[in-house]
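Hydrogens, waters and symmetry mates are skipped; everything else that's a heavy atom, side chains included, is used. Just so we're on the same page: letters track the sequence lines, and every chain starts at 1.
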There are 2 protein chains.
Amino acid sequence: MTRIATLSETRSNCHDCRLRSLCLPDNLSKEDIGELDSIVQRRKPVARGAYLFQAGQRFNSIFAVRTGSVKASTLLANGDEHISGFHLPGDVIGLDAIVSRDHPSTAIALESTSVCEIPYAELESLGDRLPTLQHQLVRIMSRELLAEQSTGHLLTRRAAEQRLAVVLLKFSERFANRGLSALRFRLPMSRLDLGNYLGLVPETMSRTFRRLEEQGLLSIAGKEIEIVDVCAIKALAYGNNEGDLAAKA
Amino acid sequence: MTRIATLSETRSNCHDCRLRSLCLPDNLSKEDIGELDSIVQRRKPVARGAYLFQAGQRFNSIFAVRTGSVKASTLLANGDEHISGFHLPGDVIGLDAIVSRDHPSTAIALESTSVCEIPYAELESLGDRLPTLQHQLVRIMSRELLAEQSTGHLLTRRAAEQRLAVVLLKFSERFANRGLSALRFRLPMSRLDLGNYLGLVPETMSRTFRRLEEQGLLSIAGKEIEIVDVCAIKALAYGNNEGDLAAKA
DNA sequence: CGCATCGTTGAATGGCCTCAAGATGCGTGG
DNA sequence: CCACGCATCTTGAGGCCATTCAACGATGCG
């Protein structure tokens, strides 16, 4: 809200952004980045719990997370919230709305979060002139599709411990891609939200975290997670899962 | 394998394709469709059980399903197969490979299946000249992303009956989009594959199908499915799920 | 017609959900 | 700085449902 903070936010640009390589400017020339930069809108941070956009709302822009984190959720017919994913800095949000006129899901900041807003009509026009930018948009969508597939269904089957192991490894990888530690990180969401995402109730989340800590695989302090035994976690997530279902001989 | 069948296949083109509106040619001018058509390769059908491509294989082309059906699967570290999705005529396959050099998953024909192969390098070049084609590619990827999100996690939570109800409604919708009946259709995959996709063992699949039939919601004859009570199925899938977990007051 | 894959049916085990209650943490206001 | 209130998190006991194990029936293909 202060003038100075707003200024320091707006002063930033794509070229100096340390998340550039994850985002739309990747592979672009210096001049092209300047053109992209001119259509990017940087606003003041979104407060914890505030909406970036709501489901059903008209789609106008995609958003790139600069700092903070965001959860994507939909409201089920019975009133339950269903969380479809979490977004970290460098992620691009709203790509699932391009095909329709409206946002299919709601985006809520998990903490104070600053985003770059990119009006889609202008991005599309710019892409018509800058093939490299267009290709990068397609690459980012392909990346999202890949991530969605690999997580979406690794969570369908498998026991609670395995689901948790998978999602922790996914976050570990994502933090590592952003230059942060792969073994010590802070999960930005509550246990309730993470459980919602995994299809587990909070009680099971609590018990499962405790079990993994007792087995010496994790060290937990609130939202701070330390992966103590990476090999064991990986084996649990992807490896020989004797407790798995549909085991083929 | 016969000469005539091959000829009748190769004779087809994008402009006459009845799946045009679901696929890349949608929104394109007649001339642009001709340009797209010139880079599309139509080969003889892929036999049941044969690979379109395998995980790890170099990515060169995307594929559009013309007739038949395809399952996408990955091999887990323990040797289990994990099915990440099913593709019907009009679907575009391989979009998740654009970001990397290699295919992340394997595509296997569930029946005799004919596809259009579209070399991606040529599509990209063509897209640089034809903005409408480029936009359509982005729209298709957005559509896939949306579908992946909505199915991927509706299956995470929920009981067996609800998972089955959700997936049957998804197929119903997809068949309807292709001009087929929304209430009577033939599932192209085995119960084992469908169970794998849903994270349920074959025994549970069998029992769940039978239970829905006994309740008068379905009529089943092998792979042929008839949805008898659509409302009840929808209520089960999305509605008031008292047996659901994480119910919020 | 024989074999292999797929599908079905029946018990028993185990894991996750439900319900209930207490503990912890954190932001707010006194 | 402390007290309060609320949301989040934890812990315990019990029940339900999907998996497991085992065996049989159906189907389809050579």
[X]: what forms a side-chain contact (heavy atoms from CB on, under 4.5 Å) with it, not counting sequence neighbours?
X: B:L22; answer: B:L19, B:R143, B:R178
X: B:L95; answer: A:L145, B:I62, B:V92, B:I98, B:L137, B:I140, B:M141, B:E144
X: B:D229; answer: B:L217, B:C231, B:A232
X: B:A182; answer: B:S172, B:A176

**Complete:** Terminal axes of the helix from C:dG7-D:dC24 to C:dG30-D:dC1 (5 end pairs apiece), angle rounded to 10 degrees, sit apart by 50°
Could you pull out all residues at least two apart from [X] that satisfy salt bridge (Lys or Arg N to Asp or Glu O under 4.0 Å)?
X: B:R174; answer: B:D91
X: A:R186; answer: A:E111
X: A:R184; answer: A:E226

Nucleotide N/O of nucleotides 5-12 of chain C paired with protein N/O under 3.5 Å:
unit_1, atom_1, unit_2, atom_2, d
C:dG7, OP1, B:R191, N, 3.1
C:dG7, OP2, B:R191, N, 3.1
C:dG7, OP2, B:L192, N, 3.3
C:dT8, OP2, B:S206, OG, 3.2
C:dT8, O5', B:S206, OG, 3.1
C:dT9, OP2, B:R210, NE, 3.0
C:dG10, N7, B:R207, NH1, 3.0
C:dG10, O6, B:R207, NH2, 3.4

Please state how far atom [atom1] in [X] lies from atom [atom2] in [N], giving the value in whole angstrom units.
X: A:R163; N: D:dA18; atom1: CZ; atom2: P; answer: 13 Å
X: A:L200; N: C:dT18; atom1: CG; atom2: C1'; answer: 14 Å
X: B:L212; N: D:dC17; atom1: CG; atom2: P; answer: 14 Å
X: B:R211; N: D:dA18; atom1: CZ; atom2: C1'; answer: 9 Å
X: B:E224; N: D:dT27; atom1: CD; atom2: P; answer: 14 Å
X: A:R158; N: C:dG15; atom1: CZ; atom2: P; answer: 16 Å

**Prompt:** Should we count CZ of A:R48 as having more than 12 external heavy atoms under 6.0 Å?
**Reply:** no
